[in-house]
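Computed from a predicted model, the values in this text were never measured in an experiment. Hydrogens, waters and symmetry mates play no part in the numbers below; they use all other heavy atoms, side chains included. Convention: sequence-line order gives letters A, B, ...; per-chain numbering from 1.
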There are 2 protein chains.
Amino acid sequence: MGTRFPSIPIVMKVTIRDVAKAAGVSPSTVSRALNGKGRMRPETRERILRIARELGFRPNPLAKGLATKMNYCIGVGIDARHLPIKRSFYGAVLEAIEEVLDREGYHLVFSVIRNAEAPRCVIEGRVDGVILMGTDVRGELVEKLREKLPLVLVDYHLPGAAAVVTDNFGGAKAAVEHLIGHGHRKIAFVVETLSDPNFKERFEGYRAALEAHGILFDEKLVFEGGRRAESSRFAMEKFFETREMPTAIFGANDHMAIGAIRALKEAGIRVPEDVAVAGFDDGDLAPHVTPPLTSVHVPRGEMGRRAAVLLLDLLRGKLCTVKTDILSITLTIRSSCGCGST
Amino acid sequence: MGTRFPSIPIVMKVTIRDVAKAAGVSPSTVSRALNGKGRMRPETRERILRIARELGFRPNPLAKGLATKMNYCIGVGIDARHLPIKRSFYGAVLEAIEEVLDREGYHLVFSVIRNAEAPRCVIEGRVDGVILMGTDVRGELVEKLREKLPLVLVDYHLPGAAAVVTDNFGGAKAAVEHLIGHGHRKIAFVVETLSDPNFKERFEGYRAALEAHGILFDEKLVFEGGRRAESSRFAMEKFFETREMPTAIFGANDHMAIGAIRALKEAGIRVPEDVAVAGFDDGDLAPHVTPPLTSVHVPRGEMGRRAAVLLLDLLRGKLCTVKTDILSITLTIRSSCGCGST
DNA sequence: CTGTTAGCGCATTCAA
DNA sequence: TTGAATGCGCTAACAG
């Protein structure tokens with residue numbers, strides 16, 4: 001019945017002073033030994049290290065942080081609007097970030113950005129740097145954070161901020177050219193919204209592919225479904241109103257492409273025989289839909305790793321200029337485009 | 001060219017002393033005003049609060065933590081073996097945990113558990129409590145952590161530890177009974193491994209359903225694929241060697257069920273006409289495979305929320321007894337079981 | 001090479 | 001009701 005007080009320390013924490021006492025030296029000597037600072041007799045150092053180990057000494061990170069102004073924590077913020085739909089995408093990036101940070105002794109503070117507010121871990125000053133994921137992060141927010149601490153953007157870029165992005169343009173162009181290679185010339189572009197910079201770039205890649213093959217761009221073949229859960233349905237409803245149906249669809253992301261496949265099948269249209277489809281992201285669903293989706297592969301793990309490395313470089317002052325990593329992509333060919341099944 | 005030192009403070013941080021000076025009181029009074037401790041003249045308090053706000057004062061969490069032994073950080077550990085496959089599962093749980101913690105002023109430190117070692121954030125003593133996800137967390141690890149700090153298990157239970165789990169038994173039983181309702185009496189159970197406690201419970205549910213309907217359990221209808229990426233293929237190879245093919249398959253998780261569907265289709269067997277299939281998890285893939293998978297729905301967000309609340313209760317001493325939350329499940333019926341398509 | 005001193009920024013006794 | 005003193009555990013100047 002009695003209320004318990006938080007964190008009852010079972011064993012008294014051993015501090016640097018305990019180690020000092022046991023080793024017969026001063027706390028500062030222990031500190032130096034532990035951190036490898038300054039010169040000192042090797043035997044003294046080793047003895048201290050041994051005793052620290054024997055005593056099970058763990059430096060208190062809060063005390064250390066308070067004294068050094070380094071907390072060894074990195075914030076990772078994900079815009080709430082990406083949550084349900086791109087979960088597996090950012091999940092993969094998150095894991096990769098964590099792996100790099102962990103190896104370097106850093107910790108990852110995960111937070112969801114709601115209402116375009118800065119993550120609380122940043123506001124409170126708990127983190128040494130921050131990685132922001134997704135295109136929905138507002139420019140003003142980025143600007144505000146950038147002057148407070150080192151920052152890296154993932155899957156988004158903004159002038160003046162370090163970023164890791166994919167080659168949206170090149171990826172889209174390759175995908176569309178693949179469809180063109182299958183003989184298609186009437187290719188629709190299905191997208192949530194062109195106001196999203198990534199999608200806009202993919203759109204440009206789509207246009208470039210058409211142009212490169214002497215196909216006239218037709219704005220009637222661009223279908224926007226809007227930023228909502230049912231986006232693909234809205235877009236496809238418009239699609240079906242088209243007089244001459246395109247023979248292929250390029251979805252600006254897997255979500256739209258898969259929605260397109262579903263809508264086509266429901267309408268009794270065969271994929272890829274009647275209409276071929278390709279997507280962008282190559283996410284978890286792509287191999288599992290019927291037919292398996294041909295899609296531009298986005299190297300999510302690599303993005304995460306690069307972002308983490310970039311941020312660490314920033315923190316360590318190894319990076320003078322703000323740089324943007326543009327990762328090249330590859331097209332994962334399955335059968336929705338008309339290729340023989342994988 | 002010149003190396004930069006980490007974290008150049010653009011603006012000098014305002015401390016509690018600055019506020020004290022500006023308010024003409026002592027630091028301790030400011031501290032009390034800010035934390036609402038002790039009695040004090042309301043007007044004094046409000047004045048201090050106002051000044052603190054005007055000065056943009058942010059309490060330094062490290063200093064606070066050092067003094068109070070509370071860091072307002074919660075560790076969330078996920079076993080590495082769950083990573084690729086259950087990514088969207090734990091992603092959903094993670095988000096829900098973050099939401100609750102954020103609302104309560106806590107931070108989430110995400111870490112992957114590799115080699116069954118305790119998360120570094122726990123070892124270093126950076127977190128006030130920890131949530132462990134997945135059945136692959138070793139018992140010894142849990143035991144070790146439990147005596148160090150408050151702990152909650154998700155999707156796994158172990159005597160003596162607080163946990164949030166789903167009704168594996170009931171869910172499996174419901175799914176199998178649904179298949180029985182479709183007239184099936186020869187129902188296979190396809191699973192990665194029965195040595196996993198969750199799968200074992202689902203197995204028991206499967207048996208119970210059979211028994212409840214007077215169907216003799218046949219161990220030849222249990223197919224284990226092992227714990228590997230190609231698990232479902234291994235299991236299904238054994239499946240096809242069966243003399244009399246079952247008319248239905250219950251997969252211990254979506255992964256196995258979807259693998260089964262794929263294998264059946266590749267073998268020219270129609271789903272659900274020739275063989276019906278049901279799974280467990282109702283993950284992101286379930287609605288997208290062909291035919292859409294009937295699956296036991298696991299309320300991932302709810303699991304995360306409960307786990308977070310449980311841990312906070314533990315931290316605040318609101319909880320005397322170690323409790324296990326068993327969430328009830330529901331069967332999401334699609335068409336792989338033979339029901340008219342949703 | 002090592003010990004002493006003085007903080008880091010806050011909370012919390014104890015007096016007043 | 002408020003202030004002064006002390007300490008949380010560690011690092012970093014400065015002496016020695």
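Atom CD of A:E99 is separated from atom CD of A:E104 by 11.0 Å, given to the nearest 0.5 angstrom.
The pair A:R50-A:E46 does not count as a salt bridge, with every side-chain nitrogen at least 4.0 angstrom from each carboxylate oxygen. Between B:E140 and B:K144, no side-chain nitrogen of the basic residue sits less than 4.0 Å from a carboxylate oxygen of the acidic one, so the salt-bridge criterion is not met. Of the charged side-chain nitrogens involved, none lies within less than 4.0 Å of a carboxylate oxygen, so that B:E95 and B:R300 do not count as a salt-bridged pair. Using a cutoff of 4.0 Å between basic side-chain nitrogens and carboxylate oxygens, B:D102 and A:R114 are scored as salt-bridged.
Phosphate proximity of C:dG3 to A:S26: present, with a side-chain N or O under 4.0 Å from OP1 or OP2. B:K64 has a side-chain polar atom (N or O) that falls below the 4.0 Å cut-off from OP1 or OP2 of C:dA11. Within the structure, every side-chain polar atom (N or O) of A:K69 is placed at least 4.0 Å from both OP1 and OP2 of D:dT11.
Between the C1' atom of C:dT12 and the CZ atom of B:R39 lies a distance of 18 Å, rounded to the nearest Å. Residue A:N71 contributes atom CG, which lies 14 Å from atom P of C:dG9 at whole-angstrom precision. Between the C1' atom of D:dT11 and the OH atom of A:Y72 lies a distance of 12 Å, rounded to the nearest Å. Rounded to an integer number of Å, the gap from CG of A:L62 to C1' of D:dC10 is 11 Å. Atom P of nucleotide D:dC8 and atom CG of A:D18 are separated by 11 Å, given to the nearest angstrom. The distance between atom CG of A:L34 and atom C1' of D:dG9, rounded to the nearest whole Å, is 12 Å. Look at NZ on B:K13: it is 10 Å from P on C:dG9, rounded to the nearest Å. Between A:L66 atom CG and C:dG7 atom P the separation is 14 Å, expressed in whole Å.
Across the interface with DNA chain D, nearest-nucleotide mapping of A:T15 and B:R41 shows B:R41 to be the residue nearer the 5′ end.
Using modelled atom types, one finds no donor on one side chain facing an acceptor on the other under 3.5 Å when comparing A:R126 with B:N60. Donor-acceptor pairing under 3.5 Å is lacking for the side chains of A:S31 and A:S28. Donor-acceptor pairing under 3.5 Å is lacking for the side chains of A:H107 and A:E98.
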Protein-nucleic acid N or O pairs under 3.5 Å, nucleotides 12-16 of chain D:
residue, atom, partner, partner atom, Å
D:dA12, OP2, A:K37, NZ, 3.2
D:dA13, N6, A:R32, NH1, 3.4

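Between B:F110 and B:Y90, the ring planes lie parallel to each other; the angle is under 30°, not in the 30° to 60° tilted range.
B:G125 comes within 4.0 angstrom of nothing in the nucleic acid, heavy atoms only. Within the nucleic acid shown, B:V25 comes within 4.0 Å of sugar-phosphate atoms alone, with no base atom in reach, counting heavy atoms only.
A heavy atom closer than 4.0 Å to some atom of DNA chain D occurs in no member of residues 45-60 of chain B.
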